[in-house]
Amino acid sequence: MKTLGVLCLSNDGEYSGQNADFGPGIADPRRYGSPPVRRNVPGAWASNVVSGDPALQDRYVRAAQELVREGADAITCDCGFTVRYQQSIAAAVSVPVSTSSLLLLPTLLSNVPASKKIAILTADSRCLETGIFVTLGITDPSRLVVEGLEGTATYDYMLAEKGNIHVDDVLADIDGVIGRVQKHENVAAILCECTIYVRVSPRIRRATGLPVYDAANNVALLMASVGEK
């Protein structure tokens with residue numbers, strides 16, 4: 001069986017309550033035929049990963065190498081902003097690496113007409129800056145609509161070192177983001193940067209009627225490239 005390796009933030013949160021619209025996370029074993037192997041990256045808090053702390057790059061590299069030694073056949077991350085470390089991690093290990101669903105963005109821009117836009121749902125729209133798009137080969141952001149969770153209870157939960165939030169509060173915040181996206185014209189598809197959206201992407205698809213791409217789709221593509229042992 002193929003084994004996914006997941007590089008994880010050091011944050012340790014807990015969700016309370018249940019809702020059919022709130023599914024398993026990106027590292028949940030229920031998503032895979034073989035349980036993923038996980039590694040918390042020391043000092044990698046949501047706050048400094050989202051803001052782009054370059055000092056974390058070497059820590060991510062070392063953690064990725066440890067995952068490979070533990071049997072990972074491919075590697076992803078549980079925070080889309082780790083795309084900043086994509087090239088360094090990929091160069092340091094011998095298995096395929098796809099850190100973030102943001103790596104799908106150039107393809108999605110090609111998939112829709114040039115007159116249409118891609119909406120990006122992120123943890124913090126203030127930190128999804130031009131440098132990240134340039135890294136992805138995107139020099140013209142005019143076809144991008146960016147909406148984030150900053151200012152919500154979900155955002156506060158994600159940035160807490162040990163947070164707790166009810167799933168219904170998350171869904172309410174997600175509905176707020178959906179509402180803002182629906183106010184934009186010419187949006188043809190949605191790309192979710194933050195892995196929390198993996199839990200709710202069916203709700204987003206149902207509400208918007210648009211194609212929605214998330215970290216789970218990114219991982220599915222990554223694992224499809226790996227042969228069975």
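You'll find the side chain of Phe81 reaches within 4.5 Å of the side chain of Cys127, heavy atoms only.
Put simply, OG1 on Thr122 and CD1 on Ile196 are 12.0 Å apart, with the number rounded to the nearest 0.5 Å. Atom CD of residue Gln86 and atom OG1 of residue Thr76 lie 8.5 Å apart, to the nearest 0.5 angstrom. Note: Leu7 CG to Arg59 CZ = 14.0 Å, rounded to the nearest 0.5 Å. Rounding to the nearest 0.5 Å gives a distance of 8.0 Å between CD1 of Ile165 and CG of Asp156. With values rounded to the nearest 0.5 angstrom, Asp173 atom CG is found 11.5 Å from Glu150 atom CD. To the nearest 0.5 angstrom, Ser34 atom OG is 8.0 Å from Met223 atom CE.
Side-chain contact annotation: Tyr155 with Asp124, donor-acceptor N/O pair under 3.5 Å present.
Salt-bridge check for Lys183 with Glu147: failed, with every basic side-chain N at 4.0 Å or more from each acidic carboxylate O. Taking a cutoff of 4.0 Å between a charged side-chain nitrogen and a carboxylate oxygen, Lys162 and Asp12 qualify as a salt bridge. Between Arg199 and Asp21, no side-chain nitrogen of the basic residue sits less than 4.0 Å from a carboxylate oxygen of the acidic one, so the salt-bridge criterion is not met. For Asp78 and Arg38, the salt-bridge test fails: no basic side-chain N is under 4.0 Å from an acidic carboxylate O.
Counting all heavy atoms, side chain and backbone alike, Lys2 lies closest to Val226 at CD-O, 2.9 Å. Smallest separation of non-hydrogen atoms from Thr3 and Gly71: CB-O, 3.7 Å.
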Residues Gln182, Thr208; criterion side-chain hydrogen bond (donor to acceptor under 3.5 Å, both in side chains); working and verdict:
CA-CA 7 Å; Gln182 290 173 322; Thr208 63; over 6 Å; no
Full working for side-chain hydrogen bond (donor to acceptor under 3.5 Å, both in side chains) between Asn218 and Ser98
CA-CA 7 Å; Asn218 185 55; Ser98 190; 3.0 Å; yes
Salt bridge (charged side-chain N to carboxylate O under 4.0 Å, His left out) evaluation trace for Glu129 with Arg84
CA-CA 11 Å; Glu129 32 78 20; Arg84 296 185 179 99; 3.5 Å; yes
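Grouping the Ile, Leu, Val, Met, Phe, Trp and Tyr side chains by contacts below 4.5 angstrom, directly or via other members, places Met158 with Leu121. Transitive grouping of hydrophobic side chains (ILVMFWY, heavy atoms separated by less than 4.5 Å) keeps Val49 and Val6 in distinct clusters. The hydrophobic cluster containing Leu103 also contains Ile89, counting ILVMFWY residues as joined when their side-chain heavy atoms lie under 4.5 angstrom apart, directly or transitively. Note on Leu149 and Ile204: same hydrophobic cluster, where clusters join Ile, Leu, Val, Met, Phe, Trp and Tyr whose side-chain heavy atoms are under 4.5 Å apart, directly or indirectly.
In terms of modelled atom types and a separation under 3.5 Å, the side chain of Thr135 and the main chain of Val83 share no donor-acceptor contact.
For the side-chain contact (heavy atoms from CB on, under 4.5 Å) criterion with Ser101, the lone passing option out of Asp214, Leu191, Leu108, Val198 is Leu191.
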